[in-house]
Visitor: 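Pasting a structure here, questions to come.
A quick note: this is a predicted structure, and the numbers were derived from the prediction, not measured.
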Amino acid sequence: MSLLDVPALLKEHGIQTMELCHFHLPAVDADFYSQFRTAMIENEIELWSLLIDDGDITDPENGDRDREWIESWIDRASHLGAKCVRVIGGKQPTSPAVLERSIEQLQKLSEYAEDKCVQVLTENWQETLSTPAALSVVLDDLRGDVGLCFDFGNWSGPTKYKDLGLIVKYATSCHAKCQYIDGQPDVADFETCLKITQDHGFEGPYTLVHGEAGRVWESIDEQVELLRPYL
């Protein structure tokens, strides 16, 4: 479907906020920005965040180039009316030097975005910020200048819930990913993760991600009902 049709479908399903990935955009010009913002306004939908799903700001050779590329998407997010952008904190193996590069680059992006009235978020995703310890080092140093998109689905294993509990205090928004097993939502996992956010007083937006190909809106509706008691 056309991206311009999505705001009306969100309204039909009782959803008032949306996120986009940068690769969802069919065009990056003034005409498309105007059409998109009109569709959002007419359907009373808020664009919470543009997810910039590429670039490695910690790359020792290309980090500055990638930061500048991300800045171009911050410009586009501003034109679209997004409140935030989510950027990757780094793809390099974690080390003190890599974390320092991540902090420096995220700070520069935050300062750039501030002039565009956009907030920068990062995520517990990709190699550099793949542990609670690494994420905490970066976000503590940035002192609130960069927020966190808290994602249920990025971590797994026996320490998943403990690890998520260590970083939820930083959460600005939440990717509430419900896992599907043999066509059915993993309700126990989803509700355990939701409880982590509620126990820590999280009040930001939850983003739902469809669980199965071919059942996009059906799985979103299922997740809305599972999420409703936590709103």
Visitor: Check the pair Leu109 / Ile70 against side chain to side chain contact (heavy atoms under 4.5 Å, CB included), numbers first and verdict last.
Guide: CA-CA 8 Å; Leu109 287 170; Ile70 291 168; 3.8 Å; yes
Visitor: What pair of heavy atoms forms the shortest contact from Ala82 to Leu50, and how long is it?
Guide: CB-N, 4.2 Å
Visitor: Check the side chains of Tyr206 and Thr197 for a donor-acceptor pair under 3.5 angstrom, ignoring hydrogens and angles.
Guide: yes
Visitor: Under a 4.0 Å N-O cut-off, is there an ion pair linking Glu191 with Lys195?
Guide: no
Visitor: Could you tell me the separation between the CG atom of Asp151 and the OG atom of Ser173, rounded to the nearest 0.5 Å?
Guide: 9.5 Å
Visitor: Going by atom types only, do Gln223 and His210 share a side-chain donor-acceptor pair under 3.5 Å?
Guide: no
Visitor: Could you give the distance from CD (Gln119) to OG1 (Thr172), rounded to the nearest 0.5 Å?
Guide: 5.0 Å
Visitor: Indicate whether the side chain of Ser136 and that of Asp140 have a donor and an acceptor atom separated by less than 3.5 Å.
Guide: no
Visitor: Does Val224 form a side chain to side chain contact (heavy atoms under 4.5 Å, CB included) with Ile220? I'd like the steps, not just the answer.
Guide: CA-CA 6 Å; Val224 167; Ile220 290 293; 4.3 Å; yes
Visitor: Quick one: does Ser2's side chain get under 4.5 Å of Asp5's, heavy atoms only?
Guide: yes
Visitor: Identify which one of Val118, Val120, Ile74 satisfies the side chain to side chain contact (heavy atoms under 4.5 Å, CB included) criterion when paired with Tyr112.
Guide: Ile74
Visitor: What is the minimum heavy-atom distance between Cys193 and Leu164, and which atoms define it?
Guide: SG-CD1, 4.0 Å
Visitor: State whether the number of non-hydrogen atoms from other residues, nucleotides or ligands found under 6.0 Å of Glu225 atom CD is greater than 12.
Guide: yes
Visitor: side-chain hydrogen bond (donor to acceptor under 3.5 Å, both in side chains) for Asp54 and His22? Distances and angles first, verdict last.
Guide: CA-CA 9 Å; Asp54 208 345; His22 81 277; 5.5 Å; no
Visitor: Where is the tightest heavy-atom contact between Cys178 and Pro185, given as atom of each residue plus distance?
Guide: SG-CB, 3.6 Å
Visitor: Under the side chain to side chain contact (heavy atoms under 4.5 Å, CB included) criterion, do Asn124 and Leu129 qualify, and how do the steps go?
Guide: CA-CA 6 Å; Asn124 53 311; Leu129 301 184; 5.9 Å; no
Visitor: When rounded to the nearest 0.5 angstrom, what is the spacing between NZ in Lys11 and CE in Met18?
Guide: 15.0 Å
Visitor: Kindly compute the distance separating SG (Cys149) from CH2 (Trp48), expressed to the nearest 0.5 Å.
Guide: 9.5 Å
Visitor: Using side chain to side chain contact (heavy atoms under 4.5 Å, CB included) as the criterion, point out the one residue from Leu25, Leu51, Val85 that pairs with Trp73.
Guide: Leu25
Visitor: Heavy-atom count check: over 12 atoms from other residues, nucleotides or ligands less than 6.0 Å from Lys83 NZ?
Guide: no
Visitor: Nearest heavy-atom pair of Phe36 and Leu80: which atoms, and what distance?
Guide: CD2-CD2, 3.6 Å
Visitor: Do Ile88 and Trp125 come close enough that some side-chain heavy atom pair is under 4.5 Å?
Guide: yes
Visitor: With salt bridge (charged side-chain N to carboxylate O under 4.0 Å, His left out) as the criterion, how do Asp75 and Lys116 come out once you've worked through the C-alpha distance, each side chain's angles and the decisive distance to 0.1 Å?
Guide: CA-CA 7 Å; Asp75 293 342; Lys116 310 291 181 179; 3.5 Å; yes
Visitor: Run the numbers on Arg86 and Asp53 for salt bridge (charged side-chain N to carboxylate O under 4.0 Å, His left out), then give the verdict.
Guide: CA-CA 8 Å; Arg86 190 273 282 126; Asp53 269 6; 2.7 Å; yes
Visitor: Could you walk me through whether Arg101 and Glu104 satisfy the salt bridge (charged side-chain N to carboxylate O under 4.0 Å, His left out) test, starting with their C-alpha distance in whole Å, then the side-chain angles of each, then the deciding distance to 0.1 Å, before giving a yes or no?
Guide: CA-CA 5 Å; Arg101 282 204 299 275; Glu104 179 183 352; over 6 Å; no
Visitor: Looking at every heavy atom in both Ser110 and Val146, which two are closest together, and how far apart are they?
Guide: CB-CG2, 4.0 Å
Visitor: Taking all non-hydrogen atoms of both residues into account, name the closest pair between Tyr170 and Leu148 and its distance.
Guide: O-CB, 3.4 Å
Visitor: Is it true that atom CD of Gln16 has more than 12 heavy atoms of other residues, nucleotides or ligands lying nearer than 6.0 Å?
Guide: no
Visitor: Counting neighbours of CD on Glu111 that are heavy atoms of other residues, nucleotides or ligands and sit closer than 6.0 Å, is the number greater than 12?
Guide: yes
Visitor: List the steps and the verdict of side-chain hydrogen bond (donor to acceptor under 3.5 Å, both in side chains) for Gln92 and Thr128.
Guide: CA-CA 5 Å; Gln92 302 302 304; Thr128 301; over 6 Å; no
Visitor: Check step by step if side chain to side chain contact (heavy atoms under 4.5 Å, CB included) holds for Asp163 and Thr131.
Guide: CA-CA 8 Å; Asp163 290 346; Thr131 66; over 6 Å; no
Visitor: What's the separation between atom CD1 in Ile45 and atom CG in Leu10, rounded to the nearest 0.5 Å?
Guide: 5.0 Å
Visitor: Among Asp56, Asp64, Asp59, find the one that has a side chain to side chain donor-acceptor pair (under 3.5 Å) with Gln105.
Guide: Asp64
Visitor: Taking only Lys NZ, Arg NE, NH1 and NH2, and the carboxylate oxygens of Asp or Glu, determine whether Glu222 and Arg215 approach each other closer than 4.0 Å.
Guide: yes
Visitor: For the backbone of Gly89 and the side chain of Ser102, can you confirm whether one donor and one acceptor N or O come within less than 3.5 Å of each other?
Guide: yes
Visitor: May I ask you to test the Tyr33-Arg76 pair for a side-chain heavy-atom distance under 4.5 Å?
Guide: yes
Visitor: I want to check something: taking the side chain as every heavy atom from C-beta on, are Leu106 and Ile57 in contact at a cut-off of under 4.5 Å?
Guide: yes
Visitor: With rounding to the nearest 0.5 Å, note down the distance linking CD in Glu12 to CG in Leu9.
Guide: 5.5 Å
Visitor: Side chains of Gln107 and Asp145: closer than 4.5 Å at any heavy-atom pair?
Guide: yes
